[in-house]
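Step one of this worksheet: look at the structure below.
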Amino acid sequence: MAKAVTDQARISSSLLPRRFRVQQAWPESATITSLALSPLEGPVPSFRAGQFNMLYAFGVGEAAISICGDPDSGDLLHTIQNVGPVSGALCDLMAGDVVGVRGPFGSGWPLADQSGRDLLFVAGGLGLAPLRPAILQALAMRDTFRSVTLLVGARSPTDLLYPAQLADWAAGDGLELAITVDRGPPGWTGMVGVVTNQLARALQGRDPASVSACVCGPEIMMRHTCLTLCDAGVPAAAQWISLERNMKCAIGTCGHCQFGADFVCRDGPVFRWDKVAARLRIAEI
Amino acid sequence: MWPRLGEGGRRRERDGSLSPLEDVMADGYILRDPRALVGALLEAGWRVIAPLERDGSLTPEVVSAPDELPCGLVDMQAPGAYRLQQQDSGRWFDAVVGAQGWKRWLHPAERRLWTARRDADGFSIAPAAEVWPPTVFFGVRPCDLAAIARQAEVFRQAGDPAYGERLAATRIVAVNCTRVAETCFCASMGTGPGVSAVVDVALTELEQGLLVDCGTANGAALLRGMDLATAAPADIAAARAAVEAAARDQIRAMPPDIADRLQRASESPRWQEIAARCLHCANCTLVCPTCFCTDVTDRSDLAGDHAERWQRWDSCFSPEFSYLHGGAVRRSVAARYRQWITHKLSTWHDQFGTSGCTGCGRCITWCPVGIDLVAEARAFAEEEA
Ligand SMILES: Cc1cc2nc3c(=O)[nH]c(=O)nc-3n(C[C@H](O)[C@H](O)[C@H](O)COP(=O)(O)OP(=O)(O)OC[C@H]3O[C@@H](n4cnc5c(N)ncnc54)[C@H](O)[C@@H]3O)c2cc1C
Ligand code: SF4
Ligand code: SF4
Ligand code: FES
């Protein structure tokens, strides 16, 4: 007789979210909403600038959304653009509603390693959201860096994300702010043109070898920005971008976010430019 | 490759001595009829899962009676072709792997992750309750043992415990291959045709019965009380020779440097050429025992009070797989085929330290247009050489 059998095994659930309450919800524009979240139970998870959460809208689904609050004060803020069913349902949330949260996931902007350098943030469109935590941290330890510059690109002045925040930064003396729009309406006196055309100005008076750049926006914009920065003498190993890929799990099991040998959810979303530049040249990788 | 054959399942240590493994049988034994072991396991209350004949292929299914074990089956496999033939050889394990491997049990094709219900708080979430009965996988081939280990590593690294929990509650009776299909290339992948990992029990089919090797105390417990004859040294030698012959019989071999070569082949025109033949049906990814990709979908009732999240096998061949707002990243079939083969044979090494391919040959057999993974890999290797 074979030995009597073992016990039944209980198999754990996977990908279980925690419940968070929407403390506040406010529109940033007609299609963009920001949410401030706090956990129903348990502590606020600590996060690093550049990381993201998976947000679950009841019955609709989950989406990867960057954390755009200040990591040092633990503000769990998210800014979401309505582009489809899940992001739409998240944008419809109101104060008091409950949302499922998994995270934080992924790599962050490497601010801690940039002391003594000239920090350059380049944001295109919604790309300002994932950069915001890093900018806030940079300003909180402003003395660590030789300079902090933020170059923001948007389609038009009304498409600018966080206008009040930008005005604050412009009024303060922590960073140098430059804003450029693709199309300037009548009366617009600021810069016009894509961000890559404004990089030379943003680099003026800096030794390119001492510049560290964090770039976030549409993939094509990040690519051209980094190529232009390289041409200007900024080291490829001192530039970072944040990639977006389809994500279903954020833990490295669904396979959707693969980018060559990297899982964007686990090894990214923030990548050093020199590690991904060659891959980004390959179409449809 | 399989130091354990005839050594009572104990590991050969570096200094040549055998590892002490209490409770393990001292030497090889002969089991006359595998049904006797399956019967004893069933009687003891194990859920026994073994390859059974289903829809013209062999599929790991729950065994309800020992007589369900198929005898005398031989498989004819070729690119795009599979046929099971009944012979009166009286042999139990001549037919090798069928379309489906053990992944359908350890990494189910469909799984409810959790359920959520609206309540006064907003909603609450309940984990899905899943129980795994005490299980024996009976008849696992060496390539599939490797596949199980490789999938287990994916989920271990991700911190998703379910796969490992199912596996930990499973005993394994492996079978060394003494006959191979035309599509097998495990010898070149280092995964077979003999078992090289420590496994609870390994069987090798001989004229006079099955040579039984026991590698763990759990395996010894499975065998306790069985009517086993002691194997003669000649039996052990015969088993070794039969497995060595099976390695020599393999007509396909993966180029050893394929991982490096594919890294440099991303822009080869050959991808277009393969894409012209590939139907992007995703069969290859479904039958592949290491493919792990999943999709997650939501269901809710009409009233909207009850919601469920489900995980399902997905395939990098589907255009939606890489969808980002505005369109898929891998729009062309060429890009999707490149993703599949490059991941299997190259980037898996970077991610998990092994190849993602075990050499089981399933993707070759079950491709409706007979695209041959090994031939395609060779073409890349030769193109560059
Ligand atoms: C690391 C990361 C951070 C992100 N941060 C933000 C953020 O801060 N704010 C924000 O508004 N959006 C962000 N996104 C994009 C956001 O995840 C998608 O817009 C969202 O998943 C779209 O889902 P949908 O159902 O609304 O739209 P649909 O377009 O209908 O999407 C269908 C499916 O495609 C996938 N998908 C579509 N677009 C994207 C995308 N851009 N990235 C990943 N998967 C996608 C999703 O799996 C989605 O379920 C981020 C994406 C990633 C990968
Ligand atoms: S790629 Fe093909 S031969 Fe390799 S493990 Fe998968 S199905 Fe088997
Ligand atoms: S290689 Fe064959 S099995 Fe795989 S998707 Fe293409 S046609 Fe289908
Ligand atoms: S999102 Fe699933 S593997 Fe990265």
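None of the values given here were measured: they were computed from a predicted structure. Letters A, B, ... are given to chains in the order of the sequence lines, protein chains preceding strands, and every chain is numbered from 1.
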Nearest heavy atoms of [X] and [Y], plus distance in Å:
X	Y	result
A:F58	B:G304	CE2-O, 3.2 Å
B:E267	A:R281	OE2-O, 4.3 Å
B:H325	A:V83	CE1-O, 3.3 Å
A:L16	B:I125	CD2-CG2, 3.7 Å
A:I11	B:R166	CD1-CG, 3.7 Å
A:G255	B:C293	CA-SG, 3.5 Å

List the steps, then state whether side chain to side chain contact (heavy atoms under 4.5 Å, CB included) holds for B:D298 with A:Y56.
-> CA-CA 10 Å; B:D298 292 84; A:Y56 167 72; 3.4 Å; yes
Considering only heavy atoms, which portion of [X] lies under 4.5 Å from any heavy atom of chain A: side chain, backbone, both, or neither?
X	value
B:T294	both
B:D314	side chain
B:H343	side chain
B:R309	side chain
B:R338	side chain
B:S332	both
B:S124	both
B:R312	neither
B:D305	backbone
B:R111	side chain
B:T342	neither

Side-chain touch A:M247/B:V296, heavy atoms, less than 4.5 angstrom |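 They are not in side-chain contact.
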Would you check if A:H256 and B:Y323 make a side-chain contact, meaning some heavy-atom pair closer than 4.5 Å?
->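 They are not in side-chain contact.
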Is it the case that atom [atom1] in [X] sees more than 12 heavy atoms from other parts of the structure closer than 6.0 Å?
X	atom1	result
A:Q24	CD	no
B:D227	CG	no
A:R155	CZ	no

Atom group of [X] that falls short of 4.5 Å from chain B, counting heavy atoms:
X	result
A:I285	both
A:E219	neither
A:R279	neither
A:R266	side chain
A:D7	backbone

Looking at [Y], is its backbone amide N or carbonyl O close enough to the side chain of [X] to form a donor-acceptor pair, meaning the two atoms are under 3.5 Å apart?
X	Y	result
B:E165	A:S12	yes
A:R19	B:F123	yes
B:W132	A:Q8	no
B:Q351	A:A261	yes

With rounding to the nearest 0.5 Å, note down the distance linking CG in A:N246 to OG in B:S322.
->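 Between atom CG of A:N246 and atom OG of B:S322 there are 7.5 Å.
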What distance separates A:R245 CZ from B:F321 CZ, expressed to the nearest 0.5 Å?
->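 Spacing of CZ (A:R245) from CZ (B:F321) equals 12.0 Å.
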Max heavy-atom pair count under 4.5 Å with chain A, selected residue of [options]:
options	value
B:T135, B:D295, B:V154	B:D295
B:D160, B:D350, B:V136, B:L37	B:D160
B:A169, B:G39, B:A116, B:C316	B:A116

Would you check, one step at a time, whether the test side chain to side chain contact (heavy atoms under 4.5 Å, CB included) holds for B:H107 with A:T253?
-> CA-CA 11 Å; B:H107 178 38; A:T253 61; over 6 Å; no
Using 30° and 60° as the class limits, which term best fits the ring planes of B:F292 and A:F263: parallel, tilted or perpendicular?
->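 Answer is tilted, since the angle falls between 30° and 60°.
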Option in A:G59, A:G96, A:S13 with maximal non-hydrogen atom pairs under 4.5 Å from chain B |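 If we count pairs closer than 4.5 Å to chain B, A:S13 comes out on top.
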Flag the one option from A:D267, A:D97, A:V60 with the top tally of heavy-atom pairs under 4.5 Å to chain B.
->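 Of the candidates given, the most pairs with chain B belong to A:V60.
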B:Q339 and A:E284: side-chain donor and acceptor closer than 3.5 Å?
->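 Result is no, nothing qualifies.
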B:Q311 side chain to A:S14 side chain, donor-acceptor N/O pair below 3.5 angstrom |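 Result is no, nothing qualifies.
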